[in-house]
Amino acid sequence: MDDRNMESSSSILPDESNDHSKSIIHIDVDCFYAQVEMVRKPELQSLPLGIQQKNIVVTSNYEARKYGIRKCMLVTDALKVCPNLKLVNGEDLHDYRAASNKIFTVLQSWKCPVEKLGMDENFIDVTNLVQEKLKTVNITAITVSGNVFSEPTLECICGCHARLKIASQIASEMRNKIYDELGYTTCAGIAHNKLLAKLICPFKKPNDQTTIFPEHGASFMSTLQNVRSIPSIGSKTMETLVTHKIITVSDLQMVPLEILKKHFSGDMAVRLKNLSIGVDNTPVKQTGRPQSIGLEDSFKTVSVKSEVEEKFSALLQRLLILVREDGRIPVSLRVTLRKKDVKRLSSHRESRQCQVSASIFTINNGTLTVTDAGQQKLMSIIMRLFNKLINLSKPFHLTLVGLAFTKFQERMTGRGSIVNYLMNDISVQSVLNIQNDCDTSASSMDYSAVSPSSSTTTDLSDAEVEPSPKKPKKVTWIAKRRCLSKEEVASPSKLKVGELRLNSRELEKVSELRLSSRDRSLTPRASPAKDNLSDTSDTMKDIAEGGNCDNCPSYVDKEVFNALPDEMQQELKAMWKNPSSSEMVPRSSPRTMNKGKPNSILKYFVPHK
Ligand code: TTP
Ligand code: MG
């Protein structure tokens, strides 16, 4: 620390550090992949277990950790320290992703914002819930559930101690529920911001939780030996800090802001200083759908086109499974390559993307499918993009290939459309790849201000291999109707209406209605005589005019209709008024269905069979 002023008092900023109003929980699943395997096969529980991807043990259970197995150890080294290590291949992420989504769903049942971070971590902002609970508890009797980083000495006048104690109890309930319903043990960190909640989470592990009070934020941060421990400090920032001999978080606390400003932008310097003392005001952002869904595969070297094609073909098969689970129709495809420059001994990524025709994808019984011909078409698009990235007249050496669908057809009919409404807060589809290089569009702590992009991706994004279709061909969306199981009612985000996941608030209403009327569809239900909704003349007679459903078409269940939000009611009424603008057709009339607007809400209002 050459030129820095060591006066720490001038280094701590008079900032928003007094805002302790939030209550944040961070939950991290213990040895995640290993637990998924152990829950699936309980006989693995007593064995030292490692999860292998290629030649690396990406994680291991705590039994294996006793032998000194660490994350990302080479398999050969792991077997040296633990010859009895049971290895399970963890390259297929499907089950891990499914477990991750189930955990997310459990956490959503508290009706607080939940932000997914990677596969096995979630932030939950329980501020409002804590406020509610505060009204009903005796503050003096509240105790912390689990560990405390450091016992508080004086009560903070803002009341944060009581709030965080309640939050710690909520965290305990959440962890219990995850364990009871899914069998996974977890750790939790409880704090007034995301930074401290995340960093305190592993304080005691596995299967434990720790609360930190705001006044101990700076002292806790000063225990971190490496500035890299701060989640948002990326490799470039780290390099700059290390160059200036700022190695530990304590170093960062001590360095005067003015010195930092010489090496970083003003905002970034302030942000770094704040982080160093445990100050962070980034919000918990409810996780929605990913902007892209991609997979990558890396290898030593591939220099032959036919091998590249094989790799892409394998990736495409797996990617199509992810896209099917997601349910949206992709309209843009990106190909990524990592090229090895043999002369310079370096490598860099390049990408190209293009639009793909939505007609490649069809919906069969509510499931997104791609025919063999469609897959061939996708492969030919992929190889054309590949040809644009590689000059085949010269030798090439690749160390990674990646595929991602980067844009999706949102089946919306307008800004205030019911479809938009239904798609408001929907469950997560993690973006994963075989190497676990998460797609940048995946949810993450919003610390971008201090993390200059270290990506070497050159996204050319300009190749127009296939022109955008003017109209998607024959994409038929058919409402998939089924009864709700108890679990589905308890786990709102699982519910689907015509493959659209419902906004959780609406879902509650809808679920109640569905349950209260046995054998009744979510939707206005046709009487047997009026099952054929294409009978528009009859429908026209019954169009609702008033503010309620007194004049709805006769097949409409008024109770259900009246419980819908105003926007939905208005949208439906408008459609009933003007049936030519919508599709008044039953499932049994696929021919008619392809005419008119493909996304009409009325398709979701079809009777049970
Ligand atoms: P972590 O939460 O870092 O590790 P973990 O859950 O296995 O163990 P811990 O009890 O310490 O939390 O990562 C979650 C999963 O991500 C992990 O189970 C395997 C996977 N993973 C990789 O694929 N590559 C990696 O480099 C790391 C660190 C994890
Ligand atoms: Mg974990």
Side-chain angles (χ1 to χ4, degrees), residues 25-41 44-45 47-75 77-78 82 85-104 106-107 115-124 171 174-175 178-179 182-189 194 197-210 226 228-231 234-235 294-298 318 400 428 430-439 442-445:
I25 296 171
H26 176 262
I27 293 186
D28 185 328
V29 185
D30 299 324
C31 57
F32 181 45
Y33 289 6
Q35 272 210 85
V36 173
E37 300 299 343
M38 292 190 293
V39 165
R40 187 168 33 202
K41 287 191 182 164
L44 294 173
Q45 260 161 22
L47 307 174
L49 171 69
I51 305 299
Q52 181 174 359
Q53 285 180 350
K54 305 269 165 103
N55 58 344
I56 286 171
V57 178
V58 287
T59 194
S60 62
N61 65 0
Y62 279 77
E63 188 57 34
R65 292 185 199 189
K66 286 182 196 162
Y67 293 83
I69 306 288
R70 296 281 167 261
K71 290 174 204 168
C72 300
M73 240 183 177
L74 284 173
V75 170
D77 293 343
C82 180
L85 185 68
K86 165 88 183 153
L87 287 168
V88 168
N89 187 299
E91 284 169 14
D92 183 349
L93 305 182
H94 183 270
D95 291 347
Y96 309 141
R97 199 171 52 247
S100 172
N101 289 342
K102 281 183 188 164
I103 292 165
F104 180 75
V106 168
L107 292 173
E115 179 179 337
K116 215 167 190 258
L117 182 71
M119 279 260 242
D120 77 333
E121 297 177 44
N122 287 279
F123 287 106
I124 311 103
M174 289 175 166
R175 293 177 48 240
I178 291 171
Y179 183 74
L182 305 171
Y184 302 120
T185 63
T186 55
C187 284
K194 283 167 74 176
K198 179 173 165 64
L199 289 176
I200 205 66
C201 182
F203 189 67
K204 289 265 169 72
K205 59 192 272 192
N207 197 17
D208 215 332
Q209 64 178 61
T210 309
N226 194 324
R228 193 73 194 257
S229 313
I230 299 177
S235 51
L295 288 169
E296 292 181 347
D297 190 9
S298 66
R318 297 172 73 165
L400 175 145
V428 182
S430 301
V431 178
L432 304 164
N433 69 58
I434 293 169
Q435 292 300 298
N436 302 311
D437 300 337
C438 272
D439 189 296
S443 169
S444 63
M445 285 180 93

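Numbering starts at 1 and runs along the sequence shown. First listed ligand is number 1; within each ligand, the first listed atom is number 1.
Of all the listed residues (F32, Y184, Y33), Y33 holds the heavy atom that lies closest to atom 16 (O) of ligand 1. Ranked by closest heavy atom to atom 28 (C) of ligand 1, the top entry among E91, R65, K71, K205 is K71. When G118, G90, C31 are checked for heavy-atom proximity to atom 9 (P) of ligand 1, C31 turns out nearest.
Just one of L107, N122, V29 meets the side chain to side chain contact (heavy atoms under 4.5 Å, CB included) condition when paired with I178; it is L107. Just one residue in the list T59, D30, T185, D120 forms a side-chain hydrogen bond (donor to acceptor under 3.5 Å, both in side chains) with Q35, and that residue is T185.
Judged as a ring pair (Phe, Tyr, Trp, His ring centres under 6.0 Å), and not counting sequence neighbours, the contacts of Y96 are Y33. The ring pair (Phe, Tyr, Trp, His ring centres under 6.0 Å) test applied to Y62 returns no partner, not counting sequence neighbours. Partners of K86 under the salt bridge (Lys or Arg N to Asp or Glu O under 4.0 Å) rule, at least two apart in sequence or in another chain, do not exist in this structure.
Of the heavy atoms in I51, none comes closer than 4.0 Å to ligand 1.
The Mg ion (ligand 2) has D28 OD1, V29 O, D120 OD2 as its protein N, O or S neighbours under 2.8 Å.
For N61 against Q45, the heavy-atom pair with the smallest separation is ND2-O, 4.0 Å. Taking every heavy atom of both residues into account, R175 and I27 meet most closely at CG-CD1, 4.2 Å.
Between the side chain of S100 and the main chain of M119, a donor-acceptor pair closer than 3.5 Å is present. When atom types are taken as modelled, the side chain of K66 and the backbone of P48 share no donor-acceptor pair closer than 3.5 angstrom. E63 places no side-chain N or O within donor-acceptor distance of the main-chain N or O of R65, the cut-off being under 3.5 Å.
Against a heavy-atom cut-off of under 4.0 Å, V29 is close to the following atoms of ligand 1: 6 (O), 12 (O). Close approach of ligand 1 to D30 is summarised as follows: ligand atoms under 4.0 Å from at least one heavy atom of the residue are 6 (O), 10 (O). Heavy-atom proximity to C72, at under 4.0 Å, picks out these atoms of ligand 1: 25 (C), 26 (O). Applying the 4.0 Å criterion to heavy atoms of Y62 picks out, from ligand 1, the atoms 9 (P), 10 (O), 11 (O).
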